[in-house]
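Just the heavy atoms: all of them, side chains too, but no hydrogens, waters or symmetry mates, feed the values below.
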Amino acid sequence: LEVAWETAANCLKGADKLTVVGYSFPAYDRKARELFLRNFIVPNLGSDSRPRLAVVNPDEGSRNTIKSWFLPAVDGNIDEYSSFEEYCNGLA
């Protein structure tokens, strides 16, 4: 199990785009929040080239929460979608 967390951390450190599909980063999921904070958000705070963030969630409140949480790391490079279908249409 620790190998999976280490693999995720390494992937996040080098990511130039992060897509969050249907997950709201609830406050009680501290381990996931810590993973993203340490390995994606903090390393990108001083970066000259900020990664992109895509948020796919039908709930506008959840999208706004996620956007505000990641905003310091992505510096406005955010795309948001209210459905997975909408996200997929944007890929074509």
Side-chain angles (χ1 to χ4, degrees):
L1 188 59
E2 284 302 314
V3 172
W5 286 98
E6 289 176 29
T7 300
N10 289 333
C11 289
L12 287 170
K13 287 176 187 173
D16 61 356
K17 181 176 182 183
L18 176 66
T19 303
V20 178
V21 180
Y23 186 67
S24 62
F25 290 90
Y28 62 81
D29 195 351
R30 292 183 182 155
K31 190 155 182 159
R33 282 179 164 234
E34 182 180 329
L35 174 74
F36 284 85
L37 184 64
R38 285 187 178 181
N39 299 289
F40 186 82
I41 295 173
V42 171
N44 286 303
L45 290 178
S47 175
D48 289 334
S49 63
R50 303 288 178 99
R52 292 200 67 76
L53 173 67
V55 181
V56 183
N57 196 306
D59 181 65
E60 183 178 6
S62 293
R63 289 194 312 269
N64 289 336
T65 298
I66 293 166
K67 289 187 309 183
S68 67
W69 198 56
F70 280 95
L71 187 60
V74 298
D75 193 29
N77 294 325
I78 302 171
D79 301 308
E80 64 179 289
Y81 307 91
S82 59
S83 71
F84 190 68
E85 181 179 56
E86 181 184 2
Y87 169 73
C88 290
N89 287 336
L91 297 176

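- Hydrophobic clustering (side-chain heavy atoms under 4.5 Å, transitive across Ile, Leu, Val, Met, Phe, Trp, Tyr) groups Leu45 together with Ile66.
- Atoms CG and OH, from Leu91 and Tyr81 in turn, are 7.0 Å apart once rounded to the nearest 0.5 Å.
- Among Asp75, Asp79, Asp16, the single residue meeting the salt bridge (charged side-chain N to carboxylate O under 4.0 Å, His left out) criterion with Arg52 is Asp79.
- Ring to ring, Tyr23 and Phe36 are not that close: their centroids are 6.0 angstrom or more apart.
- Leu18 and Val55 fall within the same hydrophobic cluster, where Ile, Leu, Val, Met, Phe, Trp and Tyr residues are linked whenever their side-chain heavy atoms come under 4.5 Å apart, directly or through other members.
- A pairwise comparison of heavy atoms in Asn57 and Ser62 identifies ND2-CB, 3.7 Å as the closest pair.
- Leu53 and Phe84 fall into different hydrophobic clusters, defined by Ile, Leu, Val, Met, Phe, Trp and Tyr side-chain heavy atoms under 4.5 Å apart, directly or through other members.
- In the hydrophobic clustering of ILVMFWY residues, with side-chain heavy atoms under 4.5 Å counting as a link, Trp69 and Val21 come out apart.
- Nearest heavy atoms, Pro72 versus Ser68: CD-O, 3.8 Å.
- Contact between Lys31 and Glu2 at its shortest, heavy atoms only, is NZ-OE2, 3.6 Å.
- Heavy atoms only, all atoms of each residue included: Ala54 and Lys17 are closest at CB-CE, 4.0 Å.
- Linking Ile, Leu, Val, Met, Phe, Trp and Tyr residues whenever their side-chain heavy atoms come within less than 4.5 Å places Ile78 and Leu37 in a single cluster.
- Side chains of Phe40 and Val74 form a contact here, defined as non-hydrogen atoms less than 4.5 Å apart.
- The shortest side-chain heavy-atom distance between Leu71 and Lys67 does not fall under the 4.5 Å cut-off.
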(request) Take Arg30 and Glu34, measure what salt bridge (Lys or Arg N to Asp or Glu O under 4.0 Å) needs, and give me the verdict at the end. (result) CA-CA 6 Å; Arg30 292 183 182 155; Glu34 182 180 329; over 6 Å; no
(request) Give the C-alpha distance, both sets of side-chain angles, the deciding distance and a yes or no for salt bridge (Lys or Arg N to Asp or Glu O under 4.0 Å) between Arg38 and Glu6. (result) CA-CA 12 Å; Arg38 285 187 178 181; Glu6 289 176 29; over 6 Å; no
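- Atom OG in Ser49 sits 9.5 Å away from atom CG in Asn77 (nearest 0.5 Å).
- Annotation: side-chain contact (heavy atoms from CB on, under 4.5 Å) contacts of Asn10 (sequence neighbours excluded): Lys13.
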